[in-house]
Structure formats: structure tokens, C-alpha cells
2 protein chains.
Amino acid sequence: MNKLKATSFDIAYRAGVSQSTVSRALRNSPQVNEETRKRIQAIAKELNYKVDKNASNLRTRHSGTIALLLFEELDDTESHINPFYLSMLGSITRTCSKEGYDLLVSFQQFSDDWSADYADTNKADGLILLGYGDYLDYEGKLNELVEQGTKFVRWGAVVEGEPWLSIGCDNKNGGYLITRHLLSLGRRTIAFIGGADNHSPELYERYKGYCKAIEEAGYYVDLGLQFDAVTTEIDGAKALERLLASEKKFDAIVCASDLIAIGVIGALQEKGFQVPEDIAVVGFDDLTVARYSKPALTTVQQNTNLAGQMLVYNLLKQIDEAEVETRHIPAKLIVRESCGSKL
Amino acid sequence: MNKLKATSFDIAYRAGVSQSTVSRALRNSPQVNEETRKRIQAIAKELNYKVDKNASNLRTRHSGTIALLLFEELDDTESHINPFYLSMLGSITRTCSKEGYDLLVSFQQFSDDWSADYADTNKADGLILLGYGDYLDYEGKLNELVEQGTKFVRWGAVVEGEPWLSIGCDNKNGGYLITRHLLSLGRRTIAFIGGADNHSPELYERYKGYCKAIEEAGYYVDLGLQFDAVTTEIDGAKALERLLASEKKFDAIVCASDLIAIGVIGALQEKGFQVPEDIAVVGFDDLTVARYSKPALTTVQQNTNLAGQMLVYNLLKQIDEAEVETRHIPAKLIVRESCGSKL
DNA sequence: CTGAAAGCGCTTACAG
DNA sequence: CTGAAAGCGCTTACAG
């Protein structure tokens with residue numbers, strides 16, 4: 001059953017035409033006779049012939065393929081990928097296939113020398129970058145990509161004046177909306193758990209929105225109520241310990257992500273606090289678990305479907321050297337139970 | 001910044017050797033002088049030279065790439081992929097990269113003519129197949145793949161005598177374990193929600209395990225207590241309606257998947273039933289949500305990490321024409337709240 | 001240890 | 001509308 005694959009020469013021989021004509025016919029070139037084309041295509045089908053992509057890609061100098069690089073901070077095999085990126089993957093994959101592109105997926109340890117292998121080796125025409133560890137390190141790598149002329153688009157905070165294309169949620173507005181919601185519910189001393197500096201620009205933006213809402217309501221932002229955490233349950237729980245140890249008073253917590261919020265709620269409940277009665281807790285991302293957590297999480301939704309599409313379309317524009325623009329995805333407040341709305 | 005990419009000829013020119021020698025040096029051929037090799041590699045690095053994969057793949061006749069095809073039944077863009085497959089994706093991706101293979105990911109509508117494009121066009125050396133609609137239709141496509149000599153491995157029920165390689169969980173044992181657990185808790189009239197015929201062999205196996213446990217305990221299996229459902233929340237809720245409408249008595253439900261169980265529990269609670277006090281409900285898969293659902297789901301865990309590895313390793317063996325064997329992943333009972341253990 | 005040469009299977013000017 | 005030919009950038013016998 002391991003018969004050799006047919007080539008365009010085989011088709012040409014059977015059709016009694018030249019190999020060039022076969023190539024044209026198969027690509028539906030308008031300059032080939034209707035009848036001839038049909039005959040050739042019929043023979044191709046019969047022989048189960050498919051154009052060899054390696055050969056055509058080599059010739060045309062592009063691959064019709066996009067590479068998706070997912071960065072993970074964790075060093076180990078068991079690590080779970082952030083479900084947020086996973087849900088984006090769905091829409092990226094679908095958009096690619098709609099546009100006739102194939103998608104290579106790869107997880108990268110942040111420490112890897114990932115430069116741009118897929119692009120450099122001509123396996124992919126461009127890259128989509130999701131996730132990263134410390135932004136300040138990451139920036140350097142991004143600059144290398146730009147220098148090498150690699151086409152790419154990344155998901156993350158949209159910063160003015162960057163020499164690359166970023167697509168991101170309107171994080172600041174999201175942080176603003178959800179904090180304002182808490183304020184409207186009568187909460188007055190609101191803590192923030194999540195990084196709030198340039199090491200994690202997305203979370204920082206959310207923090208800025210939080211600050212804006214508080215100031216707008218006529219209060220002062222207490223810097224002592226912000227505690228760093230990366231986006232994991234464990235880090236959320238740890239940050240809560242520090243919040244508690246600080247002996248500050250607070251009646252609500254804005255968490256910079258759902259994962260953090262879930263860790264915080266678990267730790268809070270363990271200590272005997274009622275959420276949201278004693279402390280309201282809200283998240284960011286609207287992961288699937290937000291709906292199922294107990295209490296169900298009030299959070300900010302980022303439209304991952306739209307996000308995936310924009311990443312792909314903008315990358316393709318870039319590949320085609322077309323106009324491209326840095327863009328925000330809207331942030332949408334999703335009210336459930338953990339904020340205390342139903343109290 | 002759009003300088004042409006360097007080729008092996010450029011390197012050869014600078015190193016003062018032939019292009020063949022460059023090619024050998026870069027592939028660490030032992031038959032090239034140590035010093036020459038180092039010099040060549042240094043120049044290659046300096047020029048940021050990377051071997052063109054299209055050219056080398058064309059020459060060597062293999063791509064170092066595997067394609068993962070994820071089948072979806074739903075026809076629409078918004079559809080969520082079964083999270084079970086998503087978690088498998090993580091381990092597949094990691095295993096591939098550990099083995100030096102790239103991974104193409106693609107969602108396929110079941111109706112597509114997916115035959116084996118990736119393999120036929122030489123973009124991939126083999127395929128991994130996850131998910132499917134109706135197994136009986138699917139079988140035909142699998143046979144086509146075999147006929148065309150395409151290398152592939154699939155996740156699913158392991159059936160004796162199939163002409164292809166399947167890796168699957170020990171579904172029957174899983175169904176057995178969880179039903180026996182319910183029995184040991186004193187539940188006597190246990191319904192089963194999920195397909196129980198050859199259209200969905202995996203669920204059918206789980207049903208067989210359920211039957212075995214019941215019979216082993218000395219009871220009769222009531223065929224009227226089995227209700228079809230595909231693996232979605234909605235279908236679970238609908239099947240529950242039918243169960244209720246049948247006016248049969250029951251004190252527990254074995255659901256063929258977590259998604260079904262979550263739909264069932266939601267519908268049950270809506271009607272005023274207490275889970276697990278009135279009715280115990282258990283699932284299968286151990287999705288992330290199983291931990292967060294309310295009550296937390298007792299279920300059967302399939303080791304997706306191991307599953308992904310086995311899929312990749314077995315496919316690679318097949319590509320290398322090595323011995324390969326159909327294999328089961330063990331099923332593990334995970335006891336949480338929904339079975340009523342803690343009552 | 002090294003080089004000249006063939007060839008992997010296409011696409012696409014060029015000429016007719 | 002069609003064909004002969006060049007060439008994409010490699011790898012690998014073959015010869016030395």
C-alpha cells in the first residue's frame with residue numbers, strides 16, 4: 001500500500017500535456033483551456049494527487065502557514081496553560097483555516113532561544129505571540145524580531161510608540177468598570193491584587209483603571225492596598241496572606257485575573273471569611289471556571305473570539321505589507337455573585 | 001530591514017569552501033573537519049542563517065511535522081471545543097517539541113473532506129486524530145486513510161481487530177469503578193445518561209462498565225434507565241427531561257461525561273432536587289470544571305498527560321515503521337461531593 | 001575530509 | 001492557449 005505519490009509529471013504524461021500545463025490547470029489558471037483543465041483535474045483526482053507543499057513553498061517563497069508561540073513561565077511538563085490562551089487558540093485556528101492558512105502551534109519556555117525559528121526557516125510566514133513572563137526581558141526579544149524583519153503580532157498591553165503590533169483588551173477600562181461597580185455597591189476600602197508595574201503591563205493597566213475609579217469617586221488610592229501577584233491561584237493566595245498580615249482594613253478585592261481571584265477566594269474561605277458578605281472579590285478574564293466558582297465570579301470579559309480574529313487578520317495584513325493598526329478589544333463587565341450584587 | 005535571507009552558498013563563499021561542506025558542517029556531519037565546521041557554524045550564526053525547511057524537506061522527503069486534527073460536530077464559529085481535548089493538546093505539543101517535531105493544529109468539521117491533506121501534501125509525516133461525530137461515519141474515512149497509506153493514530157475506543165492504531169482510556173473499567181462506588185454508597189436505582197451503542201463506542205464502553213457493576217452487585221440492568229446524550233451540557237439536560245418524563249424511580253445517575261453531568265445537575269437543581277441528597281450524579285473525564293462545580297463532581301479521570309505522550313510516541317513509531325501497539329490509559333476514580341460520599 | 005553535480009517537485013517568466 | 005527551461009535551497013551519492 002506504499003505506492004509512490006504521483007507527481008505533476010505523472011499527471012502530464014497521462015493527460016498528454018506538458019507538466020507546466022498541469023501546474024497551471026491545477027491552480028485554476030485562467031489561461032488554460034477549459035476542457036484541458038477539466039481533464040487534468042479529473043486525472044489528478046483519480047490518482048489522488050496533491051501538490052507537494054514543500055516544493056511549491058520553496059518555489060513561491062511563502063508557506064501559507066502561521067506559527068503560534070505560546071509562552072509559559074513554568075518550567076515543568078505538568079504545568080497547565082492559562083485557559084485564557086487556550087480559548088483564544090480556538091478562534092485563531094478557525095480564522096486561519098478560513099483564510100486558507102495552516103497553523104503551527106508551539107509552547108516556548110521563556111528562556112528558550114526562540115528568536116523566530118519558524119519564520120527564519122521559512123516554515124511560517126509570520127508569528128502570533130501569546131503570553132510571556134517578565135515584560136522587560138521579553139521586550140528585548142521582540143526587538144530582535146523586528147531587527148530580523150520577522151512579521152509578528154502579539155497579544156498584550158498596547159503601548160504607544162512600540163515598533164511592533166499589539167492587540168489587547170482595553171485593560172484600563174476593564175479595571176475601571178469593575179472597580180466602579182464595587183464602589184456603586186457601597187464598598188469603600190478596596191484592595192488590588194496583581195502586579196502593578198512595567199513587568200506586567202496588562203495588569204498594570206488594570207490597576208490604573210482601578211485607581212481612576214477610586215479617584216473619580218472622590219477617594220484616595222491607598223498604595224498600601226496593592227499586592228503583587230502573577231496570574232496563578234497560588235500566587236493569589238499568597239498575596240492574600242500578605243494583605244491580611246498588613247492588618248489593613250478592606251471590604252473588597254479587585255484581582256487582576258480570575259485565576260488570582262479563585263486563589264484569593266479559596267484562601268479567604270479557608271480563614272472563615274464569607275465571600276461576598278464579608279469581602280467582595282472580583283476577577284478579570286471571564287474564564288469558564290468563573291461561572292462555576294462558588295460564589296460565581298463577577299469579572300471582566302475579554303472577547304477571545306474577536307481577539308483571535310484580530311490577531312490573525314492583522315498578521316495577514318502585515319504579511320501582505322498592508323496598513324495595520326494597533327487595536328483594543330473592548331472590556332465588558334460581567335456581574336455574578338462574588339461582588340455582592342445580590343446581597 | 002528586509003535584507004535577503006542568507007543561503008548556504010553565501011556561507012560557503014565567506015568560508016571559502018563548497019556549499020556541500022557547509023551543508024555537512026551545519027548538520028554536524030562527523031566527516032567534516034572540526035576546525036572547518038566551527039568556522040562555518042560561526043559564520044552561519046553571524047549571518048543569522050537558518051536552513052530553509054522547505055528545501056530540506058523537499059530533498060529528504062519528510063517534514064519533521066505532525067498534524068493534529070480536532071473534529072468538531074458543531075457547525076458554528078462560536079462553538080467551544082471540548083476542554084478535554086484542549087488539555088490533551090498541551091501534552092501533545094510538549095511531547096512533539098521534545099522529539100523535535102513541529103505540530104500543525106487544525107479543526108475539522110466532520111463534514112469536511114479532510115482525507116489527509118497534510119500528509120498528502122507532505123506538510124506532515126503523520127496525523128493525530130481527536131474527537132469525532134458519529135463513529136459509524138467516521139470509520140469510513142479512517143479506512144480511506146489506511147488505503148492511502150497515511151500514518152495516523154487516533155484517540156478513542158480501542159476496538160479489537162481495527163486496521164489502525166487507537167489509544168484510549170479504559171472506559172469500561174472507568175464506568176465500572178464509578179458505578180460500583182455509587183452502589184457501595186447504598187444507591188440502588190442508577191440511571192445512565194449517554195449514548196450506548198456503536199455510534200459512540202467510548203460512551204458505550206462506559207455503559208458496559210456500568211452494567212457490569214450492577215450485575216456484579218446482584219441487580220438487574222434496567223434498559224429503561226439508559227438515555228442517549230452526546231457530550232454537551234444541553235444534551236445532558238434534555239436527557240434528564242426524558243428520564244423524568246419516564247416516571248421511573250432512581251436515586252443516582254451515571255453520566256457518560258462531565259459535560260453531561262453538569263447539564264444534568266443544573267437541570268436537577270432547577271427542578272428543586274438536591275444533589276447529592278436526593279439524587280447522586282457522577283461524571284467522566286475530570287475536566288477542570290469538575291472541581292469547581294457545585295457540588296464538586298465525582299468523576300473518572302483520564303490521564304491526559306500520558307494520553308498525549310502515547311499518541312505522539314506511537315505515531316512516531318509508526319512513521320519509523322517500528323512496532324506499535326494499541327494501548328489503554330488507566331481510568332481513575334476521583335471522589336468528590338456529587339456522589340454523596342460525605343453525606 | 002572535500003567538491004562537483006544531480007535532483008527533490010514544483011512555479012513562472014519567456015517564447016511561440 | 002501551451003511548452004521548454006530555469007531555478008527555489010537544500011541533501012547526498014559519487015569521485016577523489
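Quick caveat, the model's predicted, so the values are computed rather than measured. By convention in this document, chain letters (A, B, ...) are assigned in the order of the sequence lines, proteins followed by strands, and residues within each chain are numbered from 1.
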**OP:** Please tell me which of B:V32 and A:T21 maps to the more 5' nucleotide of DNA chain C, matching each residue to the nucleotide holding its nearest heavy atom.
**Re:** B:V32
**OP:** Verify, without hydrogens or angle tests, whether B:D125 (side chain) and B:G64 (backbone) share a donor-acceptor contact under 3.5 angstrom.
**Re:** yes
**OP:** Please determine, by modelled atom types, if B:S63 and B:N57 share a side-chain donor-acceptor pair under 3.5 angstrom.
**Re:** no
Subject >> Whole-Å gap separating P (D:dC8) and CG (B:N57) >> reply: 18 Å
**OP:** Take atom CD of A:Q31 and atom C1' of D:dT2, then tell me their distance rounded to the nearest Å.
**Re:** 9 Å
Taking NZ, NE, NH1 and NH2 as the nitrogens, is one of them in [X] or [Y] under 4.0 Å from a carboxylate oxygen of the other?
X: A:R61; Y: B:D52; result: yes
X: B:E321; Y: B:K151; result: yes
X: B:K123; Y: A:D102; result: yes
X: A:R37; Y: A:E34; result: yes

Original post:
Taking the P atom of each, how far is C:dA13 from C:dG9, in whole Å?
Top reply: 23 Å
Subject >> Pairwise P distance for D:dA5 and D:dC1, with rounding to whole Å >> reply: 24 Å
Subject >> Any strand: nucleotide that pairs with D:dG3 via Watson-Crick or wobble, under 3.5 Å >> reply: C:dC14
Original post:
If the sugar-phosphate is the primed atoms plus P, OP1 and OP2 and the base is the rest, what is the B/S/- string for nucleotides 9-16 of chain D, using protein heavy atoms under 4.0 Å?
Top reply: BBBBB---
